[in-house]
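Okay, structure first, notes after.
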Amino acid sequence: MVVQNKLDTGDSRKAVLLEPFVHQVGGHMSMMKYDEHTVCKPLISQEQWVYESLPTAIKQFTPQYKGIISVCLRKDSLGNVGLIASPSLPTDNCSSLDKEHSVMLWQEIKRTSTTSSERLFVEWSQTPFPKTIKDSCPGKALFRTELQYHTAISSLMEDTNGNQSERKSYNPWALHCHQLHLNRMSSKLDENKLHQFLLLENVVSKYQYPCILDLKMGTRQHGDDASEEKKARHIKKCEQSTSGSLGVRICGMQVYQADTGQFLCKDKYYGRKLSPDGFRQALYQFLHNGNRLRTDVLEPIVSQLKALLSVIKSQSSYRFYSSSLLIIYDGQEPKENKETLDNHPQGCFQNINRTMPHGTGYPKVDVRMIDFAHTTYKGSKYNHTIYDGPDHGYIFGLENLVKILENTREGE
């Protein structure tokens, strides 16, 4: 049975195009956009169980869980594969799906370079089919989507091409994950087979230009069910990265650059190579919009991290192995805030934020825990080992993160 909790879908019989979620900056499993306020990802039972049983104190730091949706694949006459979700799909197969209410995804992926993904960004354009075609297919939403990979000659922080200010660019990691996912699914294409997906809140939907930092938290990344080979591999990654030294490492990020109108993007391979000093510099870069350090978002981010730290310390058996923490703020500065920063360009964030109103001009930020496929706790039916006390590896990472952000100053 298809489950939906608190999800407004309008016409419940209308199938939905699952588009790539273009603001996915990390992870290896493809996130898809279900609607403006909802994303979905392939269901993993252990993660579903965590979302359904999280204590209230932790829920405020996670995306809202909205239930489960059934998804099946469709291939058009040209061989392009699309993912279709519908609340009205039967529980056993997709054969009865009304194709007049279906939505297909046409993809044209052009690669202009194979250079390092640290220098790549994606320009995402979505153009509806002509009105006459749309009118001839009532209930159908047809889109042609072109995903073009472009290569920046230099870092986007240094790009001075004024013509790019009107173009939106997105993290290429999202399209990388989506393409791999479609390749895996289409290799065993069965149009009658259902795939279950988790429905989750789109935590960046309220941001015009979402700046996102994906952090892998804790000093241990392997789950209790990991094979010896996987365990050894993850232990080595932790030892050779800031996971071991700081309890946190960067898995991806995108930062809106106000001077170019584009996103500066980094992936997990960049994060693995960082030293502790490099990690600190990367955090500084995450808070820099190409013109100035966003000191206005520092205090609310630190405040939320401290609140999360207090919650994690109060949990008696949770281990959030291989989970991530998202830090989000809007690259579009509030007008009041911009004027304040123009008047105090060298001020430290504590002094500036004392003058910031907690009204419409106060910057929105979010701190959200995600990815619970390997999370374990006492009482879980997927529990392998019972732990006592809080997750000290996660706490170690949070404390270091707070300390680094608190020490961040303009020009340092």
- Verify whether the ring centers belonging to Phe286 and Tyr284 lie closer than 6.0 Å.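 No, too far apart.
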- Message: Applying side chain to side chain contact (heavy atoms under 4.5 Å, CB included), can you list everything that pairs with Asn400, at least two apart in sequence or on another chain?
- Response: Leu246, Phe396, Lys403
Does [X] reach the main-chain N or O of [Y] with its side chain, forming a donor-acceptor pair under 3.5 Å?
{"X": "Gln254", "Y": "Ile212", "value": "no"}
{"X": "Ser227", "Y": "Lys230", "value": "yes"}
{"X": "Arg294", "Y": "His288", "value": "no"}
{"X": "Ser323", "Y": "Phe320", "value": "yes"}
{"X": "Thr38", "Y": "Asp35", "value": "no"}

Taking the basic N atoms (NZ, or NE/NH1/NH2) and the acidic carboxylate oxygens, is any pair closer than 4.0 Å for [X] and [Y]?
{"X": "Lys313", "Y": "Glu399", "result": "yes"}
{"X": "Lys306", "Y": "Glu406", "result": "yes"}
{"X": "Asp224", "Y": "Arg220", "result": "yes"}

- Residue pairs fulfilling salt bridge (charged side-chain N to carboxylate O under 4.0 Å, His left out) with at least one residue in residues 232-242, sequence neighbours excluded: Glu229-Arg233
Just so I know, are the side chains of [X] and [Y] near enough to count as touching, which here means a heavy-atom distance under 4.5 Å?
{"X": "Thr62", "Y": "Leu200", "answer": "no"}
{"X": "Tyr321", "Y": "His222", "answer": "no"}
{"X": "Leu398", "Y": "Leu305", "answer": "yes"}

- Query: Does the pair Arg292 and Glu333 meet the rule for a salt bridge (Lys or Arg N to Asp or Glu O under 4.0 Å), with working shown?
  - Reply: CA-CA 11 Å; Arg292 59 163 59 91; Glu333 293 185 69; 3.5 Å; yes
- Of all residues at least two apart in sequence or in a different chain, which pass the salt bridge (charged side-chain N to carboxylate O under 4.0 Å, His left out) check with Asp371?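 If we apply the salt bridge (charged side-chain N to carboxylate O under 4.0 Å, His left out) test to Asp371, skipping adjacent residues, the hits are Lys41.
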- Donor on one side chain, acceptor on other, Gln304 and Asp366, under 3.5 Å: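 Looking only at side-chain atoms, Asp366 and Gln304 do not form any donor-acceptor pair under 3.5 Å.
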- Message: side chain to side chain donor-acceptor pair (under 3.5 Å) for Tyr329 and Asp296? Distances and angles first, verdict last.
- Response: CA-CA 10 Å; Tyr329 70 91; Asp296 59 303; over 6 Å; no
